[in-house]
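Structure first, commentary second.
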Amino acid sequence: MKKLFKLFTIILAIVMAFSLVACDKNNGDETETENGTTIDTESGQNAIADTSATYTSISDMTTALAGSLSVEQKETALPESCPTGTKKITAGGIYKYTSEFSDTISVGADLGVVHIYLDGVNISAEDKSVISADEGTKLIITLIGENTLSNSLGSKVKDKHVISTTEDLTINGNGTLAINSTKSAIACDKVFYGLSGTIGVQAVKHAITADSVYLDGLTIDAVSVGKDIIHAESDYDAVSAAPTFKFDKGFVIIVDGTIHTTTVKGDGIQADSLVYIKDGTFDITTTPTWNDNYTATENQESGMYNRTTHEKVSKDNVKKGSTYAVLSESVKGIKVGEIDYYLETDTEQTNELTVASNDYTILIEGGEFNINTVDDAIHTNSGSALIYGGTFTISTSDDGIHADTNLKIAGNTVINILTCYEGIEAQTIDISGGETTINALDDGVNATNSNLTESQQSTVCQINISGGRLDVTVNPNGDRDGIDSNGGIKITGGTVITRGPNQQMASPIDAANSISVTGGIVVVIGCAPGYSGSFSGQRGFMMPPNKPSGGGNAGGGGNPGGGAVSEGSFTTTLTKTQSNTKGLSLGDHTVSVSGTTISYTNAYSYSGYTTVYASASATIN
């Protein structure tokens with residue numbers, strides 16, 4: 001929110017009210033229609049980055065990775081004869097295990113490829129990894145029947161991964177594997193390939209931790225996981241210089257797969273550089289660990305929650321010295337973090353550094369997602385979230401989808417954010433397709449960058465809507481905007497339904513620069529009450545009567561359009577239809593334009609106006 005600027009606009013609105021109310025008072029007409037006019041030739045719009053090269057790079061890398069899979073990695077048929085029960089493997093080849101025993105399987109170094117078949121085994125160990133493979137040996141594990149691998153703390157009290165490899169690890173097969181680990185269930189220093197089979201995990205730390213992860217058919221059942229389900233992190237300790245950002249390290253690529261969670265105390269999916277999901281089923285619920293006695297070190301400190309309810313506290317309300325609840329661990333649904341490293345001169349590793357790049361990416365093209373988190377459901381640090389497909393049902397106490405730079409929604413994507421603090425948030429937001437429904441406690445759609453000043457944000461923040469359907473609900477009682485940009489807003493197509501609360505400091509549409517509406521159907525519901533001006537005969541401003549436009553003279557009527565806001569200027573070429581009785585109440589409503597009917601449901605009753613911008617006059621019911 002731009003509090004100081006909004007306070008100024010309210011003061012200015014009061015002055016305007018006294019000067020304009022004598023000219024024309026609200027005549028009580030239920031509906032008024034006027035032709036669109038251009039209000040301000042200054043667009044105030046900012047550019048949105050072209051991410052097509054990023055998409056091409058990721059797609060090409062994924063195709064190459066799939067093409068590099070060896071015959072051995074894909075092989076699941078058990079050969080007629082092979083060594084059985086070998087506990088210390090010293091030569092490459094195929095090995096079979098079928099019994100129950102308490103010991104380990106140790107695979108030596110520089111053996112090339114070792115392929116292990118687990119057929120109904122139950123293997124346990126104390127203070128050790130159950131299966132380990134040394135440097136220079138790629139390990140393949142094929143699952144047949146029901147298998148169990150577990151370790152426990154023994155006399156040495158050493159926590160160990162159950163499966164640990166220094167080279168690539170592949171799991172395939174038609175069987176299942178239950179893992180119970182004192183550390184992470186599976187740890188791989190290179191690329192982990194999950195090509196088929198089912199693994200059920202109980203682990204103190206991660207279910208799978210690797211430099212990178214590639215899944216195409218694996219099912220993961222996270223029964224009890226102390227940290228992340230999938231954790232992809234590259235090791236850049238003691239490097240001579242900052243690493244160069246690359247997608248080919250620290251990635252998670254899921255061509256197809258299934259993830260189900262019971263208890264997960266970290267992130268669902270976490271990667272250093274890239275998460276790319278093409279298809280699959282993902283039921284991700286994370287369980288928070290709270291510190292309920294955190295003292296804020298500064299005003300407007302982020303990440304604060306109510307100590308009793310654990311609801312998100314607005315930064316504007318955070319006071320230095322007050323006590324709040326904070327998360328002890330990140331518990332996001334899908335997250336791309338950043339590449340961290342230590343220089344070799346930092347022998348004590350006290351100064352962790354981050355690779356600076358805008359290329360960190362979450363790219364989703366398909367799949368079914370049910371994400372329930374306290375932390376952000378989908379989050380990209382320093383980069384983009386590109387949502388080009390998939391069906392999402394999201395419940396979160398924080399942001400539904402957050403990207404530090406670019407957020408794009410396209411294709412046949414269906415996003416239903418049932419509950420959230422803010423719905424979708426990024427420096428730039430580009431919606432060209434799909435159906436996005438948001439029910440937010442704060443702003444529904446927010447173009448912002450908290451690392452920049454307001455002046456800097458006005459030159460980079462942007463919301464573009466050219467297609468699809470966007471339906472935003474906010475509570476009418478509070479300081480929150482339906483659609484809010486710290487730069488510009490441009491609507492050229494699609495269907496937009498946005499709502500705003502019944503108070504002066506917020507609005508259905510709010511831009512620091514300007515709003516341009518030249519296409520689509522835009523339905524704007526609600527505005528701040530308390531001003532008795534009439535509709536403007538000159539302007540198509542989307543703006544409540546208590547907030548003046550930065551575009552200049554408000555016109556003789558004093559209410560330049562009603563129902564939304566622009567702190568800068570508003571431009572439209574469309575026809576405006578407006579009602580102060582219809583489309584505002586709790587329940588179902590329709591808007592019809594030239595034979596096209598759109599439906600929407602209000603979860604609350606709103607005050608003010610329902611304003612429709614479309615190619616022709618609209619009927620509001």
*Run the numbers on Y55 and K408 for side-chain contact (heavy atoms from CB on, under 4.5 Å), then give the verdict.*
CA-CA 12 Å; Y55 177 85; K408 298 191 176 186; over 6 Å; no
*Is a side-chain donor or acceptor of S605 paired with a backbone partner of S585 at a separation under 3.5 angstrom?*
no
*Distance-only, no hydrogens or angles: does the D267 side chain make a donor-acceptor pair with backbone N or O of I269 under 3.5 Å?*
no
Throw together a table of side-chain donor-acceptor distances under 3.5 angstrom for residues 429-437, partners on residues two or more places apart or in other chains.
none

_Contact check, side chains of I417 and I424, non-hydrogen atoms, under 4.5 Å_ = yes
*asked:* I need the N477 CG to Y604 OH distance, nearest 0.5 Å.
replied: 8.5 Å
*Could you please spell out the steps behind the side-chain contact (heavy atoms from CB on, under 4.5 Å) verdict for T286 and V374?*
CA-CA 8 Å; T286 59; V374 169; 6.0 Å; no
_Would you say N406 and Q427 are linked by a side-chain donor-acceptor pair, where the criterion is simply a distance under 3.5 Å?_
no
*Does any non-hydrogen side-chain atom of I598 lie less than 4.5 Å from one of R469?*
yes
*Salt-bridge test for R307 and D292: reply yes if a basic N is under 4.0 Å from a carboxylate O, no otherwise.*
no
*asked:* Any donor-acceptor pair under 3.5 Å linking the side-chain atoms of Y276 with those of E365?
replied: yes
_So which atom in N475 and which in R480 form the shortest heavy-atom distance, rounded to 0.1 Å?_
O-NH1, 3.4 Å
_Rounded to the nearest 0.5 Å, what separates atom CG in D484 from atom CD1 in I463?_
7.0 Å
_I371 versus T373, closest heavy-atom pair with distance_ = CG2-CG2, 3.8 Å
*Do we see a donor-acceptor contact under 3.5 Å between the side chains of E425 and T448?*
no
*Can you find a pair of side-chain heavy atoms, one from Y606 and one from T473, that are under 4.5 Å apart?*
yes
*asked:* For a quick test of reading the model, state the closest non-hydrogen atom pair linking V474 to G482 and the distance between them.
replied: CG1-CA, 4.1 Å
*Give a yes or no on whether the backbone of S384 and the side-chain of T380 come within a donor-acceptor separation of less than 3.5 Å.*
yes
*Any sub-3.5 Å donor-acceptor pair from N291's side-chain atoms to V326's backbone N or O?*
no
*Please name the pair of heavy atoms, one in N449 and one in Q457, separated by the smallest distance, quoted to 0.1 Å.*
N-OE1, 2.9 Å
*Where is the tightest heavy-atom contact between I401 and A385, given as atom of each residue plus distance?*
CG2-CB, 4.3 Å
*With no hydrogens and no angle check, is any side-chain donor or acceptor of Q462 less than 3.5 Å from a backbone partner on T428?*
no
_So T413 and F392, do their side chains get closer than 4.5 Å, heavy atoms only?_
yes
*Compare every heavy atom of V318 with every heavy atom of Y324, then report the nearest pair and how far apart it is.*
OH-CA, 3.4 Å
*Can you name the one residue among K265, K335, K332, K312 that meets salt bridge (charged side-chain N to carboxylate O under 4.0 Å, His left out) with D375?*
K332
*Answer yes or no: is there a donor N or O on one side and an acceptor on the other, between the side chain of D481 and the main chain of S507, under 3.5 Å?*
yes
*Taking the side chain as every heavy atom from C-beta outward, state whether N513 and Q45 have any atom pair closer than 4.5 Å.*
no
*Under the side-chain contact (heavy atoms from CB on, under 4.5 Å) rule, what do I230 and I259 come out as? Steps first, then yes or no, please.*
CA-CA 10 Å; I230 298 176; I259 294 177; 3.8 Å; yes
*Taking only residues at least two apart or on different chains, which pairs with a member in residues 299-321 satisfy ring-ring contact (aromatic ring centres under 6.0 Å, His included)?*
W290-Y305, W290-H310
*Separation between CG of N451 and OG of S382, rounded to the nearest 0.5 Å*: 8.0 Å
*Quick check: does any side chain N or O of D228 sit under 3.5 Å from a backbone N or O of H231, one acting as donor and the other as acceptor?*
no
*T577 versus I620: any side-chain heavy-atom pair under 4.5 Å?*
yes
_Heavy-atom donor-acceptor pair, T572 side chain to V517 backbone, under 3.5 Å_ = yes
*I48 side, atom CD1; C461 side, atom SG - distance, nearest 0.5 Å*: 10.5 Å
*asked:* Does any part of the side chain of T393, heavy atoms only, come nearer than 4.5 Å to the side chain of L418, both counted from C-beta?
replied: yes
*asked:* Assess whether a salt bridge exists between E329 and K227, defined as any Lys/Arg side-chain N lying under 4.0 Å from an Asp/Glu carboxylate O.
replied: yes
*Determine yes or no for a side-chain-to-main-chain donor-acceptor pair under 3.5 angstrom, with D398 supplying the side chain and A377 the backbone.*
no
*Flag side-chain contact, heavy atom, 4.5 Å: T51 against L363*: no
*Is a side-chain donor or acceptor of T459 paired with a backbone partner of N46 at a separation under 3.5 angstrom?*
no
*Distance in Å, N602 CG paired with I525 CD1, rounded so as to fall on 0.5 Å steps*: 4.5 Å
*Could you walk me through whether D404 and Y360 pass the side-chain contact (heavy atoms from CB on, under 4.5 Å) test, one step at a time?*
CA-CA 10 Å; D404 281 358; Y360 297 100; over 6 Å; no
_Rounded distance (nearest 0.5 Å) linking atom CG of L441 with atom SG of C420_ = 6.5 Å
